[in-house]
Amino acid sequence: MLLIDLARTSAAVAADSARLAKIRHLAELLGRVGPDEAEIAIAYLSGELPQRQIGVGFRSLRDLPEPRQVATATLTQIDALLDRIKSQSGAGSQAARRDLLAELFGAVTRQEQSFLVRLLTGELRQGALDGVMIEALAKAAEVPSAEVRRALTLRGWLPAVGAAALRGGVGELRDFHLEVGRPVAPMLAQSAPSVTAALEKIGGPAAVEWKFDGVRVQAHRKGEDVSVFTRTLDDITAQVPELVEAVLALPENDLVLDGEVLALRPDGRPEPFQVTSGRVASKTDVSSLRASVPLSVFFFDALRVGGADLLDLPAAERHVALRTALPAGLVAPRIVTAEPEEGEEFFADAVRRGHEGVVVKSPLTPYAAGRRGAGWIKVKPRHTLDLVVLAAEWGSGRRRGWLSNLHLGALDPETGTFVMLGKTFKGLTDELLTWQTEQFLRLAQGPADDWVVHLKPELVVEIAFDGVQRSSRYPGGMALRFARVLRYRPDKRAEEADTVSAVRALMP
DNA sequence: TTCCGACAGTGGGGTCGCAAT
DNA sequence: ATTGCGACCCCACTATCGGAA
């Protein structure tokens with residue numbers, strides 16, 4: 001199959017806003033792709049690469065060669081070139097990578113170039129990714145989408161699952177099983193503003209469990225072999241020896257566990273996320289880092305214990321298996337309650353101890369991997385500040401033409417100036433985007449730029465955020481974590497905004 | 001007919017590893 | 001030694017579609 005066929009299908013998918021129409025376009029193409037190229041076609045049309053990543057991003061794609069006039073490139077040829085590019089990533093040569101990219105982009109037409117750029121930068125923007133592709137595969141292979149979903153849960157890689165569906169239908173999909181040593185797509189959580197609201201949503205007794213501010217891990221053990229994977233299914237076994245040893249010390253030797261790894265201080269309080277993140281990402285000098293930044297692990301779910309798959313069991317039963325297989329010190333602290341007061345008190349205590357919040361879990365739900373089901377609901381405390389808009393950046397995609405991304409500052413009362421604390425684009429409705437674009441253009445001052453519009457510091461906006469962290473990027477040495485807009489404060493003048501010292505008081 | 005679950009899009013701060021400068 | 005880039009860790013929120021109620 002030719003790459004141009006995919007580029008055309010992608011364009012048709014982008015042109016129709018209806019999901020059912022997108023599914024029809026994708027299924028039509030999947031119906032005529034050969035078995036050798038099915039995996040490539042599924043990957044490309046759901047915004048992924050068979051190679052996963054190849055060390056090429058936005059910056060490497062600025063200067064493209066002249067396109068061809070006639071489309072002749074096949075999926076197999078493109079895939080082979082991407083393989084060669086990947087082999088030059090990391091320890092390879094950037095010059096070699098540049099030459100190969102020139103060869104790749106010189107071999108395709110303008111429309112294919114555009115498709116490849118969006119694919120390689122991870123910004124396909126056709127309104128269809130895994131969720132829509134699952135439905136399209138189900139349609140093309142004439143199988144229930146639930147079967148595709150189930151197989152994806154267990155395999156974690158849609159191109160492989162989809163190719164199996166097209167090849168062998170339900171029969172082949174049923175061959176996917178939980179395999180120790182191969183990661184499963186982790187279950188995700190929705191969020192709620194309070195434990196009370198979360199309990200309401202679940203509607204009955206629920207587990208309320210500490211939420212740690214660390215890195216999600218999935219640990220597999222078969223005999224004396226242990227592997228550890230992240231949320232995106234990357235293997236980090238070598239970076240977390242403490243975790244490997246903890247799992248090897250268990251009496252049970254056929255296990256798949258879900259948990260969180262984090263760095264604790266000697267007094268037992270958690271280190272800031274930045275410390276945990278840096279430690280987990282470090283591949284060099286792990287043995288000396290162990291001494292200075294030791295990692296702890298807390299598990300909260302069991303997908304397999306003693307050779308038995310537990311994914312389809314209710315959460316409460318999985319937790320019994322977890323407690324049976326693990327010492328209490330390795331299990332995330334939790335209570336089970338239907339009483340809002342009791343849940344709120346447990347939440348407040350977790351936060352007092354420095355943790356991120358809690359996750360409220362239904363006792364009934366199976367392990368719904370990879371979906372943000374209503375079975376898990378996270379609750380975190382929320383801070384707010386009244387800050388001043390210092391500048392704004394033009395949006396892209398559906399936000400093109402709107403000033404979208406706000407630069408936020410706190411008041412320095414000594415000098416009457418404002419100290420930038422970060423940016424946000426979250427929490428804005430289309431109506432608010434329209435309103436603020438007008439206001440910002442009225443307040444514009446300073447050097448004109450086609451990216452950033454600088455403003456007279458007059459507009460006050462109420463910002464919600466999760467916390468304040470150390471920053472080497474911003475002048476105050478602090479940045480907001482997960483900042484989002486709540487509302488504008490036309491009743492407040494900039495001189496009444498929150499001050500730098502008020503922000504500093506929130507630093508851990 | 002209205003409601004609501006699931007999805008895609010639009011970006012945020014921080015850290016590490018690596019090649020090039 | 002420093003810089004730029006890619007990859008990945010954490011992530012919130014709104015608009016939209018289409019099936020459920």
Side-chain angles (χ1 to χ4, degrees), chain A residues 13-14 16-23 46-47 52-62 88-98 120-135 149 188-191 212-217 230-234 236 239 260-262 272-285 356 371-374 378 380 382 393 395-400 402 404-408 421-433 463-474 478-486:
Chain A
V13 167
D16 270 315
S17 69
R19 274 206 281 274
L20 293 176
K22 293 177 190 289
I23 290 166
S46 54
R52 286 198 69 174
Q53 70 282 315
I54 60 168
V56 172
F58 181 75
R59 303 295 287 192
S60 321
L61 299 172
R62 273 179 300 189
Q88 293 297 330
S89 72
S93 145
Q94 281 186 19
R97 202 152 75 239
R98 206 162 42 238
L120 295 185
T121 56
E123 298 187 329
L124 206 48
R125 298 186 197 206
Q126 59 178 16
L129 296 169
D130 270 15
V132 173
M133 179 56 85
I134 286 170
E135 300 296 331
R149 254 175 221 290
L188 305 175
Q190 298 182 345
S191 55
F212 297 97
D213 195 5
V215 172
R216 182 82 176 267
V217 285
T230 65
R231 202 165 89 83
T232 50
L233 314 188
D234 288 288
I236 54 163
Q239 288 119 280
E260 188 95 356
V261 67
L262 77 164
F273 173 74
Q274 287 154 307
V275 173
T276 292
S277 169
R279 166 60 215 274
V280 171
S282 293
K283 296 176 187 212
T284 56
D285 253 354
E356 199 181 16
R371 306 193 78 181
R372 244 171 240 285
K378 61 183 161 187
K380 299 192 281 185
R382 193 188 73 174
E393 296 173 14
S396 63
R398 75 180 297 283
R399 290 196 177 188
R400 179 176 293 276
W402 277 324
S404 169
N405 198 2
L406 313 184
H407 295 197
L408 303 167
L421 294 172
K423 308 179 190 178
T424 185
F425 57 92
K426 294 172 182 158
L428 299 164
T429 60
D430 289 0
E431 190 185 0
L432 207 47
L433 283 162
I463 298 294
F465 58 99
D466 276 24
V468 180
Q469 57 191 0
R470 294 177 62 89
S471 171
S472 56
R473 174 181 317 214
Y474 290 111
M478 314 179 281
L480 303 182
R481 191 151 177 228
F482 309 143
R484 60 266 192 191
V485 171
L486 288 183

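All values derive from a computational prediction rather than experimental measurement. Reminder, nothing fancy here: chain letters follow the sequence lines and each chain counts from 1.
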> Hey, does the side chain of A/E393 reach the backbone of A/N405 with a donor-acceptor pair shorter than 3.5 angstrom?
Replying inline: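 Between the backbone of A/N405 and the side chain of A/E393 there is no qualifying donor-acceptor contact (under 3.5 Å).
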>> Looking at A/R125, is its backbone amide N or carbonyl O close enough to the side chain of A/E123 to form a donor-acceptor pair, meaning the two atoms are under 3.5 Å apart?
In response: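 It does not hold such a pair.
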> Toward the 5' end of DNA chain C, which comes first, A/R398 or A/K426, by nearest nucleotide?
Replying inline: A/K426
> Start at the 5' end of DNA chain C and walk down; is the nucleotide closest to A/R59 or to A/V215 reached first?
Replying inline: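 Residue closer to the 5' terminus by nearest nucleotide: A/R59.
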> Hey, does A/L486 have a side-chain heavy atom less than 4.5 Å from the side chain of A/I463?
Replying inline: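 A/I463 does not reach A/L486 side chain to side chain.
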> Taking the side chain as C-beta and beyond, is there a heavy-atom pair between A/D213 and A/R481 under 4.5 Å?
Replying inline: yes
Give [X] one of three labels, base, sugar-phosphate or nothing, depending on what nucleic acid heavy atoms sit under 4.0 Å from its own.
X: A/A128; value: sugar-phosphate
X: A/R382; value: nothing
X: A/K22; value: nothing
X: A/S404; value: sugar-phosphate
X: A/V132; value: sugar-phosphate
X: A/A483; value: nothing
X: A/E123; value: nothing
X: A/V56; value: sugar-phosphate
X: A/D213; value: nothing
X: A/D466; value: nothing
X: A/L262; value: nothing
X: A/T230; value: sugar-phosphate

Can you tell me the distance, in whole Å, between the [atom1] atom of [X] and the [atom2] atom of [N]?
X: A/R481; N: B/dT15; atom1: CZ; atom2: C1'; result: 13 Å
X: A/F273; N: B/dG14; atom1: CZ; atom2: P; result: 12 Å
X: A/Q274; N: C/dC8; atom1: CD; atom2: P; result: 21 Å

Please determine whether a side-chain nitrogen or oxygen atom of [X] lies at a distance below 4.0 Å from atom OP1 or OP2 of [N].
X: A/R62; N: C/dC5; value: yes
X: A/N405; N: B/dG12; value: yes
X: A/T284; N: B/dC16; value: no
X: A/T424; N: B/dG11; value: no
X: A/T232; N: C/dA7; value: no
X: A/S471; N: B/dG14; value: yes
X: A/R125; N: B/dT10; value: yes
X: A/R97; N: B/dC18; value: no
X: A/S17; N: C/dC17; value: yes
X: A/K378; N: C/dA12; value: yes

> Which pair of heavy atoms, one from A/T230 and one from A/I236, lies closest together, and at what distance?
Replying inline: CG2-CG2, 3.6 Å
>> Between A/R19 and A/E135 (salt bridge meaning N to carboxylate O under 4.0 Å), is one present in this structure?
In response: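 Not counted as a salt bridge, because no side-chain N and carboxylate O are separated by less than 4.0 Å.
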> Any salt bridge between A/D466 and A/R484, counting N to O under 4.0 Å?
Replying inline: yes
> Applying a 3.5 Å limit to both distances, which nucleotide forms a Watson-Crick or G-U wobble pair with B/dC7?
Replying inline: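 No nucleotide pairs with B/dC7.
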>> Please compare A/V275 and A/A95 by the position of their nearest nucleotide in DNA chain B and report the one closer to 5'.
In response: A/V275
>> Let me spell it out: for each of A/G397 and A/S282, pick the nucleotide of DNA chain B with the closest heavy atom. Which residue's pick is nearer the 5' end?
In response: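 In this pair, the answer is A/G397.
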> When you measure from the side chain of A/R473, which nucleotide among B/dC16, B/dG13, C/dT16 comes out closest?
Replying inline: B/dG13
